[in-house]
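Shown next, in structure tokens, is the structure this report addresses.
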Amino acid sequence: MASMDVGVADTGVDLARELIRRWRDDPGATYRSWFLWDERLKNFRSIRRGLGQVVTEIRAGTFGVAYRGSSLETVVHSVAEQRQIFKGADHAFLWKPKLRIPDIYENPDNQRAFGQLLDNCSCCDTAEEIIAHIRAIDALKIKGLGPAVANLLYFLHPTLVPPFNTAIVNGYNALTGAKVKLGSWDHFLAMRAGILDLNDRYRDLLSNDLGAIGGLLFDIGSGRYPAPPLDLAGGKDWLARLEEARAEARKLDKVASQQSESDRTHAEIQAWLRDLGLALGYDVWIAANDRGRLHAGVPLGQGCLQHLPDAIAVSPGADSIRLIDVLWLDQTQHVAAAFEVEHSTSIYSGIVRMLDLALSGGDLQATAGLFLVAPDAREADVRAQLRRPAFSRVADLDFAYLPYAELEKHREAIARFGSGLKAIKAISHKLP
């Protein structure tokens, strides 16, 4: 199905390799703006947990007959928030009443088959097993349930299943000369095989994580970069067009610049919370994958705990807890407060990490103050998320919304005159 004539032109240049090199260096392309984005890996845990919730509800018969308000909508919305490459990921799962697709809401057998696919793929370890489970659901011919599900499977097995959308398919077809169709599992599996071949050929520039090559194909398919000529005869002209495309892309990089500013702001807020916690006499933990990030030339983890207390490190939710942006621990090594900074990332992911903390050890952390720290304008989004059934436990916990403006305005006074959490709670808004 796929023509793999991507190679060396009469210029002596491996055009695909040249494209990948330039793509990797482009700050606005998905490699730097999404694949290397620190928040990307933090979101894997929460999305996987959300998929587990979908499976649990389907198995128990409590999932319901509607997409809106379901646990599936919650997790797919979180996938769609993972920057531009997944924008629109929810379209395939939205209920289309006139067509009655995808037929996993009103048909209980189909719903259970979908849940079984997610459960089976979350438990298996090999590509052969995943493909067998895909073949099994394809054999059922569930109306409207196609390879868009691969976007969910990617977050379960990023080295085995590539992400999937229209732009990625268009990019793959342009790069290889294939004619992959969107709605066919057979076509998806053939494309997956071709993607693995490409990834092996250019592994030194890509990654075992298929999100990297998925991002490359997305940028080709969405028009940021032209694909090399398939006949390899127009290499010189293509290199000129590639340079023109890069120049044009620079004009579109305002969004990437804004994302970079968001990341800077995220680190800045973490630094504020770190310094405030230390001033109030707490031990401070910075998210494991953020400790080395610099703010004002200083690593965020400087002066903070290097290891979580044993009671937390061995708890069921430890993998998620160590990724919470900032923790304040009291002298008994219990978490006094936890902070998730949600400038522009998935609110859902931060809430899940907080729940993992609060529910991880009986009463151990259940009394911790849990704060979602975000711009004032995001409060409505947070409250809307917390009304979802998946977050019903939040009502039993000490959740609060801490606006940036209030933190910036009062943090120095709290550091000088405050004690405990009283002042922080005073400038926060109780949730939900």
Side-chain angles (χ1 to χ4, degrees), residues 38-39 41-53 71 74-75 77-78 81 266 269-270 272-274 276-277 282-290 305 308-309 311-313 315-330 333-375 378-404 407 421 424-425 427-432:
D38 288 334
E39 293 294 307
L41 294 179
K42 290 177 70 172
N43 292 327
F44 270 75
R45 163 78 183 182
S46 55
I47 290 171
R48 287 169 178 165
R49 188 179 188 275
L51 291 173
Q53 180 72 17
S71 54
T74 301
V75 71
H77 182 71
S78 183
E81 285 185 325
H266 189 282
I269 302 301
Q270 281 178 287
W272 291 355
L273 293 166
R274 174 199 63 195
L276 183 54
Y282 292 107
D283 289 331
V284 176
W285 168 264
I286 296 292
N289 59 340
D290 289 340
L305 295 172
L308 284 171
I312 301 174
S315 65
D319 289 344
S320 182
I321 294 168
R322 61 173 48 95
L323 297 177
I324 292 176
D325 287 323
V326 182
L327 298 175
W328 292 354
L329 290 87
D330 60 24
Q333 295 298 279
H334 286 185
V335 175
F339 302 88
E340 271 290 334
V341 180
E342 303 297 343
H343 185 83
S344 61
T345 58
S346 170
I347 296 169
Y348 167 85
S349 300
I351 296 171
V352 168
R353 286 191 284 272
M354 296 288 216
L355 288 175
D356 279 343
L357 169 68
L359 306 176
S360 64
D363 295 331
L364 185 63
Q365 318 301 340
T367 58
L370 308 175
F371 299 89
L372 290 168
V373 190
R378 294 206 86 190
E379 184 167 354
D381 292 339
V382 170
R383 292 188 180 276
Q385 286 281 3
L386 291 177
R387 285 194 291 269
R388 296 176 182 272
F391 298 134
S392 59
R393 295 296 304 273
V394 167
D396 301 327
L397 303 170
D398 188 11
F399 252 90
Y401 187 87
L402 177 55
Y404 280 5
L407 179 62
L421 300 182
I424 284 288
K425 290 186 175 182
I427 62 172
S428 303
H429 306 158
K430 178 68 177 175
L431 292 171

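With sequence neighbours left out, F399 forms a ring-ring contact (aromatic ring centres under 6.0 Å, His included) with no residue at all. Remark: D381 pairs with no residue by the side-chain hydrogen bond (donor to acceptor under 3.5 Å, both in side chains) rule, at least two apart or across chains.
Note: D356 CG to D319 CG = 9.5 Å, rounded to the nearest 0.5 Å. For the atom pair L323 CG and R45 CZ, the distance stands at 9.0 Å (nearest 0.5 Å). The distance from atom CZ of F339 to atom CD1 of I286, rounded to the nearest 0.5 Å, is 10.5 Å.
By the 4.5 Å heavy-atom criterion applied to side chains, L357 and L327 are counted as neighbours. Side-chain contact between I321 and V335 is absent, with no heavy atoms from C-beta onward closer than 4.5 Å. Residues L276 and Y282 fail the side-chain proximity criterion, which asks for heavy atoms closer than 4.5 Å. Contact annotation: the side chain of D283 approaches that of Q333 to within less than 4.5 Å [non-hydrogen atoms, C-beta and beyond]. Between L431 and L370, every side-chain heavy-atom pair lies at or beyond the 4.5 Å cut-off. For the pair H266 and D325, the minimum side-chain heavy-atom distance is below 4.5 Å. At least one side-chain heavy atom of V373 sits less than 4.5 Å from a side-chain heavy atom of Y404. Under the 4.5 Å side-chain criterion, counting only non-hydrogen atoms from C-beta, H334 is not in contact with I312.
Between E342 and R378, no side-chain nitrogen of the basic residue sits less than 4.0 Å from a carboxylate oxygen of the acidic one, so the salt-bridge criterion is not met.
Residue L372 forms a side chain to side chain contact (heavy atoms under 4.5 Å, CB included) with just one option from V341, L402, I351, and that option is I351.
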